[in-house]
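Note sheet for the following structure.
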Amino acid sequence: MTDYRAIRGMVDILPDTSAAWQRVERVASAVLHSYGYSEIRLPIIESTHLFARSIGEVTDIVEKEMYTFTDRSDNSLSLRPEGTAGCVRAAVQHNLIATPQKLWYTGPMFRYERPQKGRQRQFHQLGVEAFGVSTPDLDAELLLLCRALWQQLGVADALTLELNSIGSPEARANYRQALVTYLSPHREQLDADSQRRLETNPLRILDSKDPHTQALLAEAPVMVDYLDDDARADFQQLQALLDAAGQPYRINHRLVRGLDYYNKTVFEWTTSALGAQGTVCGGGRYDGLVAQFGGKDTPGAGFAIGLERLVLLLQSLAEEPPATADVYVVTADEAAQRHALPRIESLRRAMPQLRIQCHLGGGSFKSQFKRADKSGAAVALIYGASEVAAQQVTLKPLRQGTGVDQQTLSDADLCGSLQQALSINSQD
Ligand code: HAM
């Protein structure tokens, strides 16, 4: 039998959630604007080698998670698993990095991972990339931009900032060697993945969730002792800037990130409210990436927010499901409907910011009020027989905290009373 269900890991965003997505997108685009970032829109498909070279040949993403295929001209292409590689490619290709550049993008990304809550095969990121500044004031500004977004969305208290520095490539190579020297005699005690990584990508062992491996890591050398002077000074300056801005953070010596292009500062914003997939945002510096893509040696830093996880966090903190209307219009019969219709059309033109739902499909007042209540509307407008006869309308508050009492009004007074009723009740 044909299966008409969505492909595993590809998720429909349904109407009861799209309002939360729109809110995130609206607030994020305003915050990004206020920090001077411009939007860039990028292709979903790029050459496979673009990802392999930048993210790293021996990362999980490139080794086992990319959707890779050959096109009709025999080119190996991949659905983008993340946005940084494509953004840097575009910045180099269009010479956007001649002057400092602050860019953002959003859209679907694809990784063949095992789906679970907060982890999908098609998911969405909102990413930010800044080019041309090598000093840690940029890193601090990126983190404060995130904080501004969390604050405006009301999720700041649920998120913790974790920071680490992974230094220069040379410092990292020294540390990698020290880690391998420490772990090699205990090889047999490591989980299977970590045994493999001991040869291919030893720093990723620090991410292992296996309790035996974790116990071994408790005594392992830490990156901070191997940092070069430059990275150490930058990391201290970043911490001083965050202290001055009142942004708390936790230094996590095991934070290495799953992509190879980073150097110096790396960070993640995590929450305990979402279970295992608690990283809502991750990023850091990638000072070598532009040159790697053939551009003039230009520093860069950025982050990406996992939008599914951010929306899940918003929903986990919301007390009530979001309203689908501000005003719900109830009518007694067909005559009342004919009376109400042109008036509601004028009201929509006069107050376009309001979501006005007219009850459709008839039914008793009781059933119409049930629907009004379910819609989450703050007020109902009632056109009964007496209102129609007197050319009036009754405004009935449906929620506690609405700024007016029930009242019967002339058409002329409706806008003013609605404004009074709804501005006091407005959430944003
Ligand atoms: P990333 O840590 O791989 O970094 O992904 C960033 C965020 O995307 C994660 O913290 C998570 O919230 C979300 N995410 C990743 N995979 C999934 C998935 N399978 N399902 C749902 N959400 C997911 C990057 O992608 C870098 N490009 C970030 C960056 C930008 N660094 C510098 N600039």
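We count ligands from 1, going down the list as the structure has it; atoms in each ligand are counted the same way. Nothing here was measured: the structure is a model prediction, and the numbers come from that model.
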Would you please determine whether [X] falls within less than 4.0 Å of ligand 1 on a heavy-atom basis?
X: G127; answer: no
X: Y286; answer: yes
X: R257; answer: yes
X: E308; answer: no
X: G258; answer: no

Could you tell me which atoms of ligand 1, counted from 1 in the order shown, lie closer than 4.0 angstrom to a heavy atom of Y261?
26 (C), 27 (N)
Distance alone, cut at 3.5 Å: any donor-acceptor contact between the side chains of [X] and [Y]?
X: S208; Y: D191; result: yes
X: T270; Y: E268; result: no
X: N164; Y: N252; result: no
X: R371; Y: Q368; result: no
X: Q125; Y: Y105; result: no
X: D225; Y: Y175; result: no
X: Q93; Y: R89; result: yes

Below the 3.5 angstrom mark, is there an N/O of E129, backbone or side chain, next to an N/O of ligand 1?
yes
Is F303 close to ligand 1, meaning an N/O of one under 3.5 Å from an N/O of the other?
yes
Ranked by distance from atom 30 (C) of ligand 1, the top protein heavy atom is T84 OG1, 3.0 Å
Just to confirm my output: which protein heavy-atom neighbour is closest to atom 14 (N) of ligand 1, and how far is it?
F123 CE1, 3.5 Å
Should the heavy atoms of other residues, nucleotides or ligands under 6.0 Å from CG of L14 be counted, would the total exceed 12?
yes
Between E268 and ligand 1, which part of the residue brings a heavy atom under 4.0 Å of the ligand: side chain, backbone, both or neither?
neither
Contact partition for V280 relative to ligand 1, non-hydrogen atoms under 4.0 Å:
backbone
